[in-house]
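What's counted below: heavy atoms across the whole structure, side chains too, no hydrogens, waters or symmetry copies. One is the number of the first residue; the rest follow in order along the sequence.
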Amino acid sequence: MTFGGESSESYFDEGLTASKKGDLARAIEFFEKAVQLDKTFLAAYHQLAKCYLRTGESRRAVDILQNVVSARPNQIPPRLDLGYALLEAGHTQEARRQFTHIIENDAANTRAHLGLAYVCFHEANWSGAVSEAKTALAQGGPNFSVLFILGRAAKLTGDLEISVQALEEAEGLIAKSIDLNPDQPEGYYLRGELSFVRESYAKALECYTAAELRVKSDHLYVAFAESFSRLDVLTKQALCYQRLGRLDKARDLGAEIVKTDPNHKLGQALRNL
């Protein structure tokens with residue numbers, strides 16, 4: 001029983017608290033209980049879907065969010081999350097339709113334009129990703145997610161000036177995040193991502209190692225629309241070792257990854273280098 005008693009609202013509140021702490025298993029348990037007690041509790045369904053998305057269960061998230069959007073077609077937040085869930089599930093065209101629908105009704109919606117930037121990036125439409133990211137940046141101001149995809153996409157179009165500027169701005173935001181939360185892994189991981197894109201693999205390895213020292217094995221972390229787990233950190237460390245020519249280290253980490261997740265394809269590849 002929750003602290004507030006046996007009610008859907010109490011379980012919902014407990015779910016929000018657990019979700020904010022990164023305890024997604026407990027959050028899912030609470031939100032599931034909330035919707036069992038009140039099958040019309042759309043806010044609980046929405047939060048339940050967001051938790052499933054964060055745990056990598058994008059298909060379950062899509063199924064729930066489609067029902068929420070059908071019940072509340074004019075609400076933007078669940079449609080946005082549906083777009084991102086569809087994108088995560090590999091349904092880029094369906095994701096595009098959701099983001100486009102939002103923009104047709106709210107042209108200044110930053111997250112929808114960012115969503116379209118991700119869609120374009122997944123489709124290898126680098127110039128389209130740059131265009132949508134620029135729009136999101138103009139409307140919403142500097143944000144790590146927007147700057148990061150802009151920097152990556154611009155690099156792939158060959159526009160190094162825009163890429164360098166965007167990645168430098170993103171680095172500044174992450175530096176502030178680390179200063180504010182030096183004991184949390186998110187900032188170090190994202191700084192590693194920035195260094196990896198810049199092909200500064202030694203620096204990236206240093207950042208991923210700092211993140212590894214701070215991650216919990218049973219947690220999924222989310223920051224600035226980027227999610228990662230301990231296995232993701234180990235994988236990125238292994239890729240850095242591979243790029244640096246230290247294949248023995250890459251193989252060892254690959255073996256450790258596969259030991260935890262035998263079906264991890266990249267871990268298998270790294271183990272067999």
Looking at E161, I want to see if its CD is surrounded by more than 12 non-hydrogen atoms of other residues, nucleotides or ligands under 6.0 Å. no

With the side chain counted from C-beta on, respond yes when T92 and F121 share a heavy-atom pair under 4.5 Å apart, and no when they do not. no

With a 4.5 Å heavy-atom cut-off, do L137 and Q139 have their side chains touching? no

Heavy-atom neighbours of Q165 CD exceed 12 at 6.0 Å: no

Once ring pair (Phe, Tyr, Trp, His ring centres under 6.0 Å) is applied, do any residues pair with F228, and if so which ones, sequence neighbours excluded? Y189, Y221

Less than 4.5 Å apart, any side-chain heavy atom of L239 and any of R243? yes

With rounding to the nearest 0.5 Å, note down the distance linking CD1 in I76 to CD1 in I103. 10.5 Å

Quick one: do D232 and K236 make a salt bridge, cutoff under 4.0 Å? no

Can any side-chain N or O of N272 pair as donor or acceptor with the backbone N or O of Q268 at less than 3.5 Å? yes

Which distance, rounded to the nearest 0.5 Å, do you find between the CG of L48 and the CZ of F31? 7.5 Å

Quick one: name the residues clustered hydrophobically with L82, using the 4.5 Å side-chain heavy-atom rule over I, L, V, M, F, W, Y, and just say none if it's on its own. V62, L65, V69, L86

Would a single hydrophobic cluster contain both L53 and L80, if residues Ile, Leu, Val, Met, Phe, Trp and Tyr are joined by side-chain heavy-atom contacts under 4.5 Å? no

Considering non-hydrogen atoms only, spot the tightest contact between I28 and C51 and give its length. CG1-CB, 3.6 Å

Salt bridge or not for K155 and E199, using N-O below 4.0 Å? yes

Between the side chains of D159 and T157, is a donor N or O closer than 3.5 angstrom to an acceptor N or O? no

Y201 and F196 aromatic centres sub-6.0 Å: yes

Are the side chains of L270 and L253 in touch, meaning some heavy atoms are under 4.5 Å apart? no

What residues form a ring pair (Phe, Tyr, Trp, His ring centres under 6.0 Å) with Y188, not counting sequence neighbours? none

For Q237 and Q242, test the side chains for any donor-to-acceptor distance below 3.5 angstrom and give the result as yes or no. no

Any salt bridge linking D23 with K216? Criterion: basic side-chain nitrogen under 4.0 Å from a carboxylate oxygen. no

Do you know which two heavy atoms are closest between A112 and I102, and how far apart they sit? CB-CG2, 3.9 Å

Applying side chain to side chain contact (heavy atoms under 4.5 Å, CB included) to E186 and I178, what does each step give before you reach the verdict? CA-CA 8 Å; E186 291 91 339; I178 291 175; over 6 Å; no

Mark yes or no for whether N105, through its side chain, and H101, through its backbone, hold a donor-acceptor pair below 3.5 Å. yes

Within 45° cone and under 6.0 Å: R152 NZ/CZ vs F148 ring: yes

Would a line drawn from the ring center of F99 to the ring center of Y84 be shorter than 6.0 Å? yes

Taking side chain as C-beta onward, heavy atoms only, is P77 less than 4.5 Å from H46? yes

Check: R251 and R271 side chains under 4.5 Å, non-hydrogen atoms: no

Look only at the side chain of S7 and the backbone of S10, and say whether a donor-acceptor pair between them is shorter than 3.5 Å. yes

Keeping N181 on the side-chain end and Q184 on the backbone end, is there a donor-acceptor pair under 3.5 Å? no

Nearest heavy-atom neighbours spanning L150 and A133: CB-CB, 3.9 Å

Using modelled atom types only, decide if a donor and an acceptor are shared between the side chain of S8 and the backbone of A34 within a distance under 3.5 Å. no

Could you walk me through whether D81 and R111 pass side chain to side chain contact (heavy atoms under 4.5 Å, CB included), step by step? CA-CA 10 Å; D81 288 326; R111 282 196 67 206; 3.6 Å; yes

Does T55 reach the side chain of R60, with side-chain heavy atoms less than 4.5 Å apart? no

Let me check something: do L16 and I64 share a hydrophobic cluster, defined by ILVMFWY side-chain heavy atoms less than 4.5 Å apart, either directly or through other members? yes

Using the side chain to side chain contact (heavy atoms under 4.5 Å, CB included) rule, take I174 and F144 through it: C-alpha gap first, then chi angles, then the decisive distance, then the call. CA-CA 8 Å; I174 289 302; F144 178 85; 3.4 Å; yes

Looking only at atom types and distance, does a side-chain atom of T135 sit under 3.5 Å from a main-chain N or O of S131, one as donor and one as acceptor? yes

Closest contact, heavy atoms only, S145 versus Y118: CB-OH, 3.8 Å

Does R26 come within less than 4.0 Å of E29, counting only side-chain N to carboxylate O? yes

Is it possible for you to say whether L231 and L273 belong to one hydrophobic cluster, with membership spreading through side-chain heavy-atom contacts below 4.5 Å? yes

Using side-chain heavy atoms (C-beta onward) and a distance below 4.5 Å, is R230 in contact with P185? no

Between Q98 and Q66, does the side chain to side chain donor-acceptor pair (under 3.5 Å) criterion hold? Intermediate values first, please. CA-CA 11 Å; Q98 298 301 326; Q66 284 177 330; over 6 Å; no

Looking at E88, I want to see if its CD is surrounded by more than 12 non-hydrogen atoms of other residues, nucleotides or ligands under 6.0 Å. no

Can any side-chain N or O of R214 pair as donor or acceptor with the backbone N or O of A210 at less than 3.5 Å? yes

Flag for Q47-S19: side-chain donor and acceptor within less than 3.5 Å: no

Which atom of Y208 lies closest to which atom of V233, heavy atoms considered: O-CG1, 3.3 Å

Establish, yes or no, whether the cationic atom of R246 lies under 6.0 Å from the six-membered ring centre of Y241 and within 45° of the ring axis. no

Any donor-acceptor pair under 3.5 Å from H91 side chain to G83 backbone: no

Would you call the rings of Y11 and F30 parallel, tilted or perpendicular, where under 30° means parallel and over 60° means perpendicular? tilted

